[in-house]
Protein chains: 2
Amino acid sequence: MAVSREGIVAAALTILDEYGLADLSMRRIGDAVGVQASTIYWHFANKQSLLAGVSDAILATQADAWPGEPVAALIGWARDLRSVLLTHRDAAELVAATLAVGLGSRIPDAAAVPIFVRAGWPGQEAERAARATSQFVLGHVMHEQTRQNLLRLGVLPPDAETLDDEGFDLGLRLVAAGAAALNGQPAPS
Amino acid sequence: MAVSREGIVAAALTILDEYGLADLSMRRIGDAVGVQASTIYWHFANKQSLLAGVSDAILATQADAWPGEPVAALIGWARDLRSVLLTHRDAAELVAATLAVGLGSRIPDAAAVPIFVRAGWPGQEAERAARATSQFVLGHVMHEQTRQNLLRLGVLPPDAETLDDEGFDLGLRLVAAGAAALNGQPAPS
DNA sequence: ACCTGAACACCGTTCAAGT
DNA sequence: ACCTGAACACCGTTCAAGT
């Protein structure tokens, strides 16, 4: 049977978890699905498109709606995004890179926009605020996952903390408090 | 005359600006300083250490103190960091990666910590708040610089906007307002 | 329609050997 | 002390050719 895009993406995700983004090569993915690396180019235009598929697969597990009080909803959304990213090795880097080049059909901050809108922000400002918040989340988790990789490499002491819940919560409270304080008012510069 | 660490870093920075991080190879750096790629390993343990040197060189142009009223100081620091990063191609990605692996002697948020302290935050919280703020700045500029690369590649229309001043200012106001609102109070969770 | 196999033009890094 | 040159074990991508 012919190999499918979905099969390739699934294999890539498994390799990602086991070996990390740096070792996620076309040859290795080909091996995993029982095909030459060059065959993958019949199914995907290039490696980046394939990675976009992996990013979408990861983000598919995000909760898609956060009803209720805006501050609590924003915190819920951010914690959910973090935990989704922490589920797969190097996910933050992969998602951030995919987002940056504009590939991938799932945008990590999509569910955050309506929260800001509900809090009274005009559409475009809500999008910007959501994007800013997700930039913090992605940056924070990227840092955590890099440390997890360093730990695996043995360059960090085996009992080193790689997660930083307190740092995450503080950053989150910072933007949540800011959102509550501004509430969509345009800037005084 | 023997080549120096500083000379290698300077050459790498020039190549970075001209060709981007993806094309910053050891062989190319060797060519630029008139030496074999393998020679660089006599001066640096590996490529990542060299990149840490480049990161330090970029961050050396940051202003190192932001006296005065905390909110204005924070905004000044963040805008300065952004403009420092925008001065060199792919600088945000390079600095973020260096920061994540714990190399590099210059920390981009170093000057932001005393601002939070001055605003009444206890030391550790000030560090976390500064780090959260710099995560936003790095993420935002990374996104802008990726778009600049896409523009160069012609995959974006030639008149596409790559900078996003409004998005930056809004994110910045968000954290500044949050900082002013919380003012170092521990969380109610 | 889907896949192979060879090739192209690269990588980072190591290491014996030179001066 | 500093550098060369060859080698190792890889990359992403293309493309004629096969079935």
Side-chain angles (χ1 to χ4, degrees), chain A residues 1-13 15-16 18-55 89-90 93-94 97-98 100-101 103-104 146 149-150 152-155, chain B residues 1-13 15-16 18-55 89-90 93-94 97-98 100-101 103-104 146 149-150 152-155:
Chain A
M1 229 292 263
V3 85
S4 67
R5 282 175 67 97
E6 291 73 27
I8 293 171
V9 165
L13 190 51
I15 294 169
L16 179 71
E18 196 131 359
Y19 302 98
L21 189 57
D23 288 341
L24 183 61
S25 72
M26 298 301 264
R27 282 169 177 82
R28 208 188 269 254
I29 299 167
D31 282 356
V33 297
V35 106
Q36 293 283 113
S38 53
T39 297
I40 298 173
Y41 289 87
W42 195 90
H43 299 275
F44 292 91
N46 47 44
K47 189 181 183 183
Q48 223 157 39
S49 311
L50 195 171
L51 293 182
V54 179
S55 173
R89 172 123 75 129
D90 296 333
E93 185 181 348
L94 194 162
T98 298
V101 298
L103 291 173
T146 301
N149 285 337
L150 295 175
R152 266 183 276 252
L153 290 171
V155 6
Chain B
M1 228 290 262
V3 84
S4 67
R5 282 174 67 96
E6 291 74 26
I8 292 170
V9 166
L13 190 51
I15 294 168
L16 180 71
E18 196 131 1
Y19 302 98
L21 189 56
D23 288 341
L24 184 62
S25 72
M26 298 300 264
R27 283 168 175 83
R28 209 189 269 254
I29 298 166
D31 283 355
V33 298
V35 106
Q36 294 284 112
S38 54
T39 298
I40 298 173
Y41 289 86
W42 197 90
H43 298 276
F44 292 91
N46 48 43
K47 189 182 182 181
Q48 224 159 36
S49 311
L50 196 172
L51 293 182
V54 178
S55 173
R89 172 122 77 130
D90 295 331
E93 185 182 347
L94 194 160
T98 299
V101 298
L103 292 172
T146 300
N149 285 338
L150 294 176
R152 265 182 278 249
L153 289 171
V155 6

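Treat the numbers as computed from the prediction; the structure is a model and nothing was measured. Order of the sequence lines sets the chain letters (A, B, ...), proteins ahead of strands, with each chain counted from 1.
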Residue set satisfying side chain to side chain contact (heavy atoms under 4.5 Å, CB included) with B:Tyr41, at least two apart, ordered chain then number -> B:Met26

Applying side chain to side chain contact (heavy atoms under 4.5 Å, CB included) to A:Ala12 and not counting sequence neighbours gives A:Leu24, A:Ile29, A:Leu50, A:Val54

By side chain to side chain contact (heavy atoms under 4.5 Å, CB included), A:Thr39 pairs with (sequence neighbours left out) A:Val35, A:Gln36, A:His43

Here the residues of residues 24-32 of chain A within 4.0 Å heavy-atom distance, strictly under, of DNA chain D are A:Leu24, A:Ser25, A:Met26, A:Arg27

Nearest heavy-atom approach of B:Leu94 to B:Ser55 is CD2-CB, 3.4 Å

Say whether, by atom type as modelled, one donor and one acceptor occur between the side chain of A:Arg89 and the main chain of A:Glu18 under 3.5 angstrom. yes

Under a 4.0 Å heavy-atom criterion, DNA chain D is touched by chain A from D:dC11 to D:dC15

With sequence neighbours left out, the residues meeting side-chain hydrogen bond (donor to acceptor under 3.5 Å, both in side chains) with A:Arg152 are A:Asn149

Taken in chain and number order and not counting sequence neighbours, the residues that satisfy side-chain hydrogen bond (donor to acceptor under 3.5 Å, both in side chains) with A:Arg5 are none

Intra- and inter-strand pairing of DNA chain C, written as dot-bracket with Watson-Crick and G-U pairs under 3.5 Å and | for the latter, reads ||.|||||...|||||.||

For B:Asn46, the side chain to side chain contact (heavy atoms under 4.5 Å, CB included) test, sequence neighbours excluded, returns B:Gln48, B:Ser49

Comparing nearest nucleotides in DNA chain D, the 5'-proximal residue of the pair B:Ala37, A:Ala37 is B:Ala37

So, with a heavy-atom separation below 4.0 Å from DNA chain D, the residues of residues 43-50 of chain A are A:Asn46, A:Lys47

Closest non-hydrogen atoms of B:Leu103 and B:Ala52, given as atom of the first, atom of the second and distance, are CB-CB, 3.7 Å

* Asked: Is there side-chain contact between B:Trp42 and B:Val3, with heavy atoms separated by less than 4.5 Å?
  -> no

